[in-house]
Amino acid sequence: MNKEQRQAIKHTEGPLLIMAGAGSGKTRVLTHRIAYLLAEKGVPPYNVLAITFTNKAAREMKERVHKLIPDPEKAERIWISTFHSMCVRILRRDINYLGYENSFSILDPTDQNSVIKGILKNRNIDTKQHHPRKVLSYISDKKNELIDGKTAISEAAGFTDGLYSEIYKDYQEILYRNSSLDFDDLIMLTIELFKKEPAVLDYYQNRFQYIHVDEYQDTNHAQYELVNLLSGKYRNICVVGDSDQSIYKFRGANIENILNFEDDYPDAKVILLEQNYRSTETILDAANAVIGNNTSRKPKNLRTERKGGKKIKTILADSERAEGQEVLRQVMELSKEYSYSDMAVLYRANSQSRAIEDAFVKGSIPYKMVGGMKFYSRMEIKDLMSYLKVIQNPHDDISFERIINTPKRGIGQKTVEKLLAYGSMNGISMYEAVMQADFVGIPKSAVVTLVKLDEMLQNLKEKSKYMSITELVDEVLEDTGYIDALEKEDTLESRSRIENLEEFKTVTREFDNENEISDDLLFNFLSDMALVSDQDSVEADSGVTLMTMHASKGLEFKVVFVVGLEEGIFPSQRVMYDEDELEEERRLMYVALTRAEDQLILSRADSRMIYGKTESNVQSRFLNEIPAELVDGEVVEIDSSKSKSPFQKSGRAHRRTPTVLTDNSGVTFKVGDKVAHKKFGDGIISNIKGEGDSKELDIIFTKEGPKRLLANFAPLEKKE
DNA sequence: TTAGCTGCAGTTTTT
DNA sequence: CTGCAGCTAA
């Protein structure tokens, strides 16, 4: 511990702001501070609260606190959780004060989208003029500002604003009727609850006498209010953050919250952590130089004892394909010195992962991708989840609409519309409308089907009371005929869906192992699932990590590649002429650079495909901001796919043909063939397109799911 | 009511 | 190039 860190740990009473630079050991400080509170100050564990933004951060903090506190029972009683899951716990107890059911559902963004689409349709609004995303971001902004529908309408200025505020009101009414909450509601309604029921607030104020907030620069207005309410009584609030790492403005984060902390709490103690324990001097010099170009910031300079260090390498490729190849080549070279899991490739947007991924697949380099194709957003998983949500909360129309005709049971759109109309006319949910199906004016056959569906759901609800989640999932898949329908379909796709459902059961089994059967079991499972992101599924196994720069925050790697450093890509086209947003973009660059411990490799492409068109951009201004003396020479990579043979590489002499590349040109593949891949294991070919060297195979792998590979170069073996 | 086709519009980052 | 919405045919 250095002097500042020790100070931060021992300053336990009153407001405390810790300005913690990247890699300055802030988690270490927080965990030790909690341990100090318990051990030295005799604070009971249930009086301590620590809030993070991500599940991963919460989990890590929990683990580290457990190591510091000898008594696991005690450590268990400290609340360490994300904003959102903390609010779920609070609302689960007392949301009925606000008129919602305690068995409320949590909407994911897809669900939100369908609610908005429904409203737009009802109001005959053109979705091209008023994109659902625009409307949703309007609503999210309002909720983050704690403005309700009514107020929004009265404050609206101009036509669009007026319209959106009306939609907001509709949206909120629908959610209320369905006892459904979106992510922003979790925060907003918790605040509403505290304001409406002072006794509830009082309970939590007394409960949480020592409050810690991680990544404080990322809090939005609602979260800021929430923290202030909770800490209002004892004022023992410790916030940690780094204004240079504020990269979530688009999501409502307000950097002023951290910058004005001293105004909010004039008696606040401020501690700066500038000692970096992660990166070499070279890396920090680069990062400091880049961030120094931001004008609206508090000056701060990270220092390190790791003097010198490897020079920064740069790559200039002539296409995004070539960029992938060169990254691949350097990864293989560096793999002599580092293991794959020590390396990461960072990019601005998820769509950029494709080229990198292709190169890695071809080169048989193990990698793990964060984000991108989301397991939980697959159709079959969403269907199953919808069944579970309806069992938990029958008023959840969004989920109910999804399952009412899944699998197909002859309930058409007309019937659904009538049920919805009947429901909204009588102020009831669709499920309640179903119970009154006789009066809705739908065909007799549909009524019979609906009665059967209702019986089945009732039955499943009974079962849910004594079954584990895994058992319940099995029952759902059986009783609803979902599995049957898939088995009957018997296509490559349906088989892959069945496998995904099997895969899902490993998640439920894990949950069942950690949780006893209780009345809260299904609720807890569903809220856990709603709040996990794909960020959390980053496993610790080996492989190069591929992810967005945003997702990389809080992580560190020995070697970091940053790709796509071109104007228009990074900084993104959309922010280039807005000074504030440009500064945010620069902070993102700062975050990316400071992830590296030993070695940075910065890459750009001369031209790349964007929406099928080839575009050229000059190199990113952020590259120009790095002092030349920190940078090694540049590697130039020519796109080999443009020459006749992919092995005939032009360019540099030192480049060797990667030996792992295989040549399948003698083998013919056809749809349905079973194959074995060096990394992905067994799979089956579902589609073939293209000719010659660019012939591609779509393969559904048993373990890894669907992938697209180049027929001639993927390390494949035909089976049987 | 459903499946299949065609045309169209869209790409930032996420708890 | 891709996913989605809306249309048409069965």
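Chain identifiers are assigned alphabetically (A, B, ...) following the order of the sequence lines, protein sequences preceding nucleic acid strands; residue numbering begins at 1 within each chain.
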Which whole-number value in Å describes the distance from A/Glu584 CD to B/dT13 P? 14 Å
Strictly below 4.0 Å: does A/Asn144 bring a side-chain N or O up to OP1 or OP2 of B/dT15? no
Check for me whether A/Arg92 meets the cation-pi criterion with A/Phe523, that is, NZ or CZ under 6.0 Å from the six-membered ring centre and within 45 degrees of the ring axis. yes
Using only atom types and a distance under 3.5 Å, with no angle test, would you say the side chain of A/Glu401 pairs donor to acceptor with the backbone of A/Ile398? no
What's the CZ-C1' distance between A/Phe53 and B/dT13, to the nearest Å? 15 Å
Would you kindly check whether a donor in the side chain of A/His84 faces an acceptor in the base of B/dT15, or vice versa, at under 3.5 angstrom? yes
Would you classify A/Arg133 as touching base, sugar-phosphate or nothing, given that sugar-phosphate means primed atoms plus P, OP1 and OP2, and contacts are heavy atoms under 4.0 Å? sugar-phosphate
Distance check: side-chain N/O of A/Ser572 vs OP1/OP2 of B/dT13, anything under 4.0 Å? no
Between A/Glu145 and A/Lys142, is there a side-chain N and carboxylate O pair less than 4.0 Å apart? no
Nearest-0.5 Å distance that lies between atom CD1 in A/Ile80 and atom NE2 in A/His212: 9.5 Å
Side-chain donor-acceptor pair present, A/Thr52, A/Asp214, cut-off under 3.5 Å: no
Using the side-chain heavy atoms of A/Ala551, tell me which of these nucleotides is nearest: B/dT15, B/dT13, B/dT14. B/dT14
Hey, what are the protein-to-nucleotides 2-5 of chain B N/O distances that come in under 3.5 Å?
unit_1 : atom_1 : unit_2   : atom_2 : d
B/dT2  : OP1    : A/Asn405 : ND2    : 3.2

Would you mind checking if A/Glu625 and A/Arg586 are paired as a salt bridge, meaning a charged N to carboxylate O distance below 4.0 Å? yes
Given the options A/Asp111, A/Asp182, A/Asn393, A/Ser105 meets side chain to side chain donor-acceptor pair (under 3.5 Å) only with A/Asn393
Rounded off to whole Å, could you give me the CD-to-C1' distance for the A/Gln352 and B/dT13 pair? 11 Å
If you assign each of A/Val575 and A/Phe83 to its closest nucleotide in DNA chain B, which residue comes earlier from the 5' end? A/Val575
Measure CD/A/Gln217 against P/B/dT14 and give the value in whole Å, please. 16 Å
Measure the OG-CD distance between A/Ser140 and A/Gln112 for me, rounded to the nearest 0.5 Å. 7.5 Å
Distance alone, cut at 3.5 Å: any donor-acceptor contact between the side chains of A/Glu357 and A/Tyr367? yes
Which nucleotide in the list B/dT14, B/dT15, C/dT2 gets nearest to the side chain of A/Arg354? C/dT2
For A/Asp358 and C/dC1, what is the distance between atoms CG and C1' respectively, to the nearest whole Å? 13 Å
Measure from CD on A/Gln129 to P on B/dA9 and round the result to the nearest Å. 13 Å
Please write out the pairs of protein N or O atoms and N or O atoms of nucleotides 4-8 of chain C separated by less than 3.5 Å, giving the distance to one decimal.
unit_1 : atom_1 : unit_2   : atom_2 : d
C/dA5  : OP1    : A/Lys117 : NZ     : 2.3

Does A/Thr415 make a side-chain N or O approach to OP1 or OP2 of B/dT1 shorter than 4.0 Å? yes
Does A/Phe250 stack onto the base of B/dT13, taking stacking as ring centres under 5.5 Å apart and planes under 30° apart? yes
B/dT13 C1' sits how many Å from A/Arg251 CZ, rounded? 9 Å
Separation of A/Glu615 atom CD from B/dG10 atom C1', in whole Å? 14 Å
Would you say the rings of A/Phe250 and A/Tyr248 are close, in the sense that their centroids are separated by under 6.0 Å? yes
Please give the distance between the P atoms of C/dC4 and B/dT13 as a whole number of Å. 16 Å
So, is A/Asn55 close to the B/dT15 phosphate, meaning a side-chain N or O under 4.0 Å from OP1 or OP2? no
